[in-house]
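Here the structure is laid out as structure tokens; the discussion comes afterwards.
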Amino acid sequence: MFETISYETRGKTAWITLNRPDKLNAFTSLMHKEMVSAIKEANKDSNVRAVVITGAGRAFCSGQDLSGSTDTDYGEVLRKGYNPMVQALVAMEKPVIAAVNGVAAGAGMSLALACDFRIASEKASFIEAFIHVGLVPDSGNLYFLPRLVGHAKAMELAVLGEKITAAQAKEFGLVTKTVSEEDFLLEVETFAEKLSNMPTKAIGLIKRYMNKSWESDLNEVLEYEAQAQKIAGESDDHQEGLHAFLEKRKPAFTGK
Ligand code: T3D
């Protein structure tokens with residue numbers, strides 16, 4: 001179905017794997033399109049309640065393919081390719097995990113930052129590679145990076161472009177956890193399964209309004225919370241959560 005990525009569902013989790021290992025999973029315009037299709041597919045499949053994005057081979061993603069592009073208007077490459085992918089990820093009201101198996105460079109790092117969680121193999125590394133080819137961080141990098149690590153560290157990473165290890169990424173607040181190479185897959189599967197059994201509708205609302213909170217004042221956020229809580233309060237999962245609490249049992253959330 002796809003040439004540059006693979007897409008499969010395992011249980012309630014959709015797995016999207018960037019699949020150009022000989023180029024360290026570098027992005028091409030076809031990969032942008034396929035990513036958007038896969039993200040939309042995961043979004044519309046009501047059985048999918050968590051999404052994992054990872055890379056085939058030894059890398060997560062090395063950013064833009066520097067070997068074959070004939071595009072000279074990079075603004076248009078972003079508008080047509082990267083931006084729709086980031087927008088689709090952020091709009092997806094399901095949790096998205098970047099399973100960072102190896103190096104995440106340039107727009108590959110941006111892709112990881114645009115996900116809701118990052119689990120890094122101890123073999124992973126992160127590099128704001130843009131500066132080394134005279135470019136600026138893109139694909140939401142300038143939005144997500146300072147929000148995750150703070151302005152000063154974001155400037156340092158973006159301007160100096162030094163590669164950081166998984167352990168440093170954890171220390172800077174870039175990743176949720178780092179895992180040994182042997183345990184990596186199992187840890188990602190376990191984390192995705194945990195998320196996929198949670199109240200998906202509430203997670204989607206948290207994601208929607210936490211993103212909006214960055215450009216809102218307190219009164220607006222208070223109103224967003226009221227709107228979100230009305231929706232969550234009418235969900236099946238809220239009823240299930242209440243009953244489970246009162247009956248002293250584990251809730252069985254359905255995501256509805
Ligand atoms: O349209 C636009 O251009 C605008 C949008 C830009 C967005 C961006 O992402 S700009 C930033 C682009 N990415 C980079 O600058 C990263 C380039 N790659 C690297 O710096 C290094 O390869 C890594 C740090 C990612 C990994 O280093 P290392 O030592 O582990 O591997 P390597 O030996 O450098 O690479 C292995 C192979 O993958 C190698 O090919 P070969 O020699 O075995 O045939 C290398 O050329 C290839 N490769 C790695 N990254 C890319 C790539 N081929 C094409 N594009 C790449 N980005």
Side-chain angles (χ1 to χ4, degrees), residues 2-6 16-36 38-39 53-90 96 98-115 118-146 148-149 154-170 172 174-175 178 180-181 184:
F2 294 118
E3 274 179 44
T4 62
I5 64 171
S6 68
I16 301 174
T17 305
L18 307 173
N19 195 17
R20 302 183 70 228
D22 53 324
K23 300 278 183 188
L24 305 189
N25 303 317
F27 278 114
T28 61
S29 55
L30 179 60
M31 193 189 265
H32 296 137
K33 289 191 188 90
E34 293 192 337
M35 281 296 284
V36 171
I39 294 163
I53 299 180
T54 193
R58 73 174 174 90
F60 177 72
C61 175
S62 61
Q64 175 67 27
D65 189 322
L66 299 176
S67 62
S69 176
T70 49
D71 290 305
T72 47
D73 184 342
Y74 290 173
E76 281 307 292
V77 173
L78 296 181
R79 287 186 197 100
K80 290 194 181 135
Y82 287 100
N83 296 1
M85 177 179 72
V86 172
Q87 284 158 340
L89 270 179
V90 171
V96 184
V100 188
N101 51 306
V103 65
M109 177 159 168
S110 308
L111 172 65
L113 300 184
C115 295
R118 283 151 294 283
I119 298 186
S121 156
E122 64 188 359
K123 293 267 173 200
S125 55
F126 296 81
I127 174 165
E128 292 274 283
F130 310 91
I131 197 73
H132 300 304
V133 286
L135 294 178
V136 299
D138 60 26
S139 314
N141 200 297
L142 290 177
Y143 181 90
F144 294 111
L145 189 65
L148 285 164
V149 302
M155 277 299 281
E156 196 183 308
L157 294 174
V159 172
L160 300 182
E162 288 168 0
K163 193 192 267 191
I164 60 168
T165 62
Q168 286 173 304
K170 175 79 176 75
F172 302 155
L174 266 181
V175 303
T178 57
S180 70
E181 203 183 4
F184 181 65

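Excluded from the calculations below are hydrogen atoms, water molecules and symmetry mates; all remaining heavy atoms, backbone and side chain alike, are included. Throughout, residue positions are numbered sequentially from 1 according to the sequence presented. All values reported here derive from a predicted model rather than from experimental measurement. Whatever order the structure lists ligands and atoms in, that order sets their numbers, starting from 1.
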- Query: What are the atoms of ligand 1, with element, lying closer than 4.0 Å to any heavy atom of G63?
  - Reply: 9 (O)
- Query: Is there a side-chain contact between I164 and L174 (heavy atoms, below 4.5 Å)?
  - Reply: yes
- Query: Where is the nearest protein heavy atom to atom 17 (C) of ligand 1: which residue, which atom, and how far?
  - Reply: L66 CD1, 4.0 Å
- Item | Taking atom 35 (O) of ligand 1 as the reference point, the nearest protein heavy atom with its distance | L24 CD1, 3.7 Å
- Task: For A107, take its heavy atoms, then give the atoms of ligand 1 lying under 4.0 Å from any of them.
- Result: 7 (C), 8 (C), 9 (O)
- Item | Distance from atom 5 (C) of ligand 1 to nearest protein heavy atom, with residue and atom | D138 OD2, 3.4 Å
- If we only count heavy atoms from C-beta on, is the V100 to V175 side-chain gap below 4.5 Å? no
- Item | Between N141 and S139: side-chain donor-acceptor atoms closer than 3.5 Å | no
- Message: Between T4 and N25, is there a side-chain heavy-atom distance shorter than 4.5 Å?
- Response: no
- Note on the structure: Nearest non-hydrogen protein atom to atom 3 (O) of ligand 1, with distance, is Q64 CG, 3.2 Å
- Got the closest protein heavy atom to atom 11 (C) of ligand 1, with its distance? G106 CA, 4.1 Å
- Query: Between atom CE of M35 and atom SG of C61, what is the distance when rounded to the nearest 0.5 Å?
  - Reply: 8.5 Å
- Item | atom 41 (P) of ligand 1 protein-contacted (non-hydrogen atom, under 4.0 angstrom) | no
- Of all the non-hydrogen atoms in the protein, which one sits nearest to atom 39 (C) of ligand 1, and at what distance? D22 O, 4.9 Å
- Query: Any protein heavy atom under 4.0 Å from atom 45 (C) of ligand 1?
  - Reply: no
- Residue pair Q168 / T165, side-chain heavy-atom distance below 4.5 Å: yes
- Query: Among protein heavy atoms, which lies nearest atom 48 (N) of ligand 1, and at what distance?
  - Reply: K23 O, 4.1 Å
- Message: Measuring only between side-chain heavy atoms, which start at C-beta, is I127 closer than 4.5 Å to M109?
- Response: no
- Query: Is atom 30 (O) of ligand 1 in close reach of the protein, with a heavy atom under 4.0 Å away?
  - Reply: yes
- 4.0 Å protein heavy-atom contact status of atom 13 (N) of ligand 1, strictly under: yes
- Query: Could you give the distance from CG (N101) to CG (L18), rounded to the nearest 0.5 Å?
  - Reply: 8.5 Å
- Note on the structure: One should read off an interatomic distance between Y143 OH and S110 OG, to the nearest 0.5 angstrom, of 14.5 Å
- Message: As an exercise, state the distance from CG of N19 to CD of E3, rounded to the nearest 0.5 Å.
- Response: 11.0 Å
- Query: Which protein non-hydrogen atom lies closest to atom 20 (O) of ligand 1, naming both residue and atom, and how far is it?
  - Reply: A129 CB, 4.8 Å
- Near D65 (heavy-atom distance under 4.0 Å), the atoms of ligand 1 are 54 (C), 55 (N)
- Message: Residue-level breakdown please: for R58 versus ligand 1, do any non-hydrogen atoms fall below 4.0 Å on the side chain, on the backbone, on both, or on neither?
- Response: side chain
- If you measure from OG on S180 to NZ on K123, what distance do you get to the nearest 0.5 Å? 10.5 Å
- Out of curiosity, H32 NE2 to Q64 CD, how far, rounded to the nearest 0.5 Å? 5.5 Å
- Using a distance threshold of 4.0 Å (strictly less than), state whether atom 53 (N) of ligand 1 has a protein heavy-atom neighbour. yes
- Non-hydrogen side-chain atoms of T28 and K23 separated by less than 4.5 Å: no
- Message: Can you check atom 7 (C) of ligand 1: any protein non-hydrogen atom closer than 4.0 Å?
- Response: yes
- Query: Taking heavy atoms and a distance under 4.0 Å, where does S62 meet ligand 1: side chain, backbone, both or neither?
  - Reply: both
- Task: Tell me which part of V77 gets within contact of ligand 1: side chain, backbone, both or neither, using heavy atoms under 4.0 Å.
- Result: side chain
- Note on the structure: For F130, the atoms of ligand 1 under 4.0 Å from one of its heavy atoms are 7 (C), 8 (C), 9 (O), 10 (S)
- Message: Please report whether atom 1 (O) of ligand 1 has a protein non-hydrogen atom at a separation of less than 4.0 Å.
- Response: yes
